[in-house]
Amino acid sequence: MSWIAKLVEVPTYSSDSGSLAVVERSHSLPFDPVRAYFIFDVPNWSSRGFHAHKNLEQLMIAVAGSLSVLVDDGSVRREFELDSPSRGLLIGPGAWREMHRFAPGTICLVLASEKFDETDYIRDYQDFVSWRESNC
Ligand code: T46
């Protein structure tokens, strides 16, 4: 799997009075975010995602709690644990993703390179594999 998904450090400043983590345009965020959303209140039996994006790039950060993100490039599947506000997962275009094992109280912040566009989603796995064969 190439750079399609990678863990990046989120610079964090900690003192006796707490911690502050900064996300700004850098190698950790190689795009200007135009949208932010966060996922929360996920029951621990539930999973989310099960889709790919054709063009979208995203940075995911578990700002509270933890979850597991499975990323699939059509041939290789890799699982990433997000369990710290000081570490994010960058996901590039053309990656199938699934989110599993949400701990109670998890809040997952996502910064996105594009506005919401349902036509950018591929929600069927076989369609995703065919799309990869034609486009990658
Ligand atoms: C992704 C993973 C990590 C909107 O109307 N606007 C938005 O910006 C988003 C993100 C979603 N929605 C609507 C579309 C659906 O009716 O919210 C509903 C739930 O979306 P979805 O089932 O796609 O949620 P997840 O958690 O499976 O996926 C989301 C993002 O959609 C997706 O881009 O990569 O988080």
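Order of appearance sets the numbers: ligands from 1, and atoms from 1 within every ligand.
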Criterion ring-ring contact (aromatic ring centres under 6.0 Å, His included) on Tyr121 and Phe116, from CA distance to verdict: CA-CA 10 Å; Tyr121 284 71; Phe116 177 71; 5.8 Å; yes

Pairing of Arg77 and Glu98 as salt bridge, 4.0 angstrom limit: yes

Report all N/O contacts between ligand 1 and the protein shorter than 3.5 Å as a table of atom names and distances to 0.1 Å; if there are none, say 'none'.
| residue | atom | partner | partner atom | Å |
| --- | --- | --- | --- | --- |
| ligand 1 | 8 (O) | Arg35 | NH1 | 2.5 |
| ligand 1 | 23 (O) | Arg123 | NH2 | 3.1 |
| ligand 1 | 24 (O) | Arg48 | NH2 | 3.3 |
| ligand 1 | 26 (O) | Arg48 | NE | 2.7 |
| ligand 1 | 26 (O) | Arg48 | NH2 | 3.1 |
| ligand 1 | 27 (O) | Gly49 | N | 2.9 |
| ligand 1 | 31 (O) | Tyr121 | OH | 2.5 |
| ligand 1 | 33 (O) | Tyr37 | OH | 3.4 |
| ligand 1 | 33 (O) | His53 | NE2 | 2.6 |
| ligand 1 | 33 (O) | Tyr121 | OH | 3.2 |
| ligand 1 | 34 (O) | His51 | NE2 | 3.4 |
| ligand 1 | 34 (O) | Gln58 | NE2 | 2.7 |
| ligand 1 | 34 (O) | Arg97 | NH1 | 2.8 |
| ligand 1 | 35 (O) | Tyr37 | OH | 3.3 |

Straight-line distance of Ser113 OG to Leu59 CG, nearest 0.5 Å: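 Rounded to the nearest 0.5 Å, the OG-CG separation comes out at 11.0 Å.
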
Residue list, salt bridge (charged side-chain N to carboxylate O under 4.0 Å, His left out) with Arg123, at least two apart or on another chain: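 Scan of Arg123 (salt bridge (charged side-chain N to carboxylate O under 4.0 Å, His left out), adjacent residues dropped) gives Glu118.
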
Heavy atoms from other residues, nucleotides or ligands near OH of Tyr37 exceed 12 (cutoff 6.0 Å):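 Atom OH in Tyr37 is crowded, with more than 12 foreign heavy atoms closer than 6.0 Å.
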
Side-chain heavy atoms of Met99 within contact of Ile39, under 4.5 Å: yes

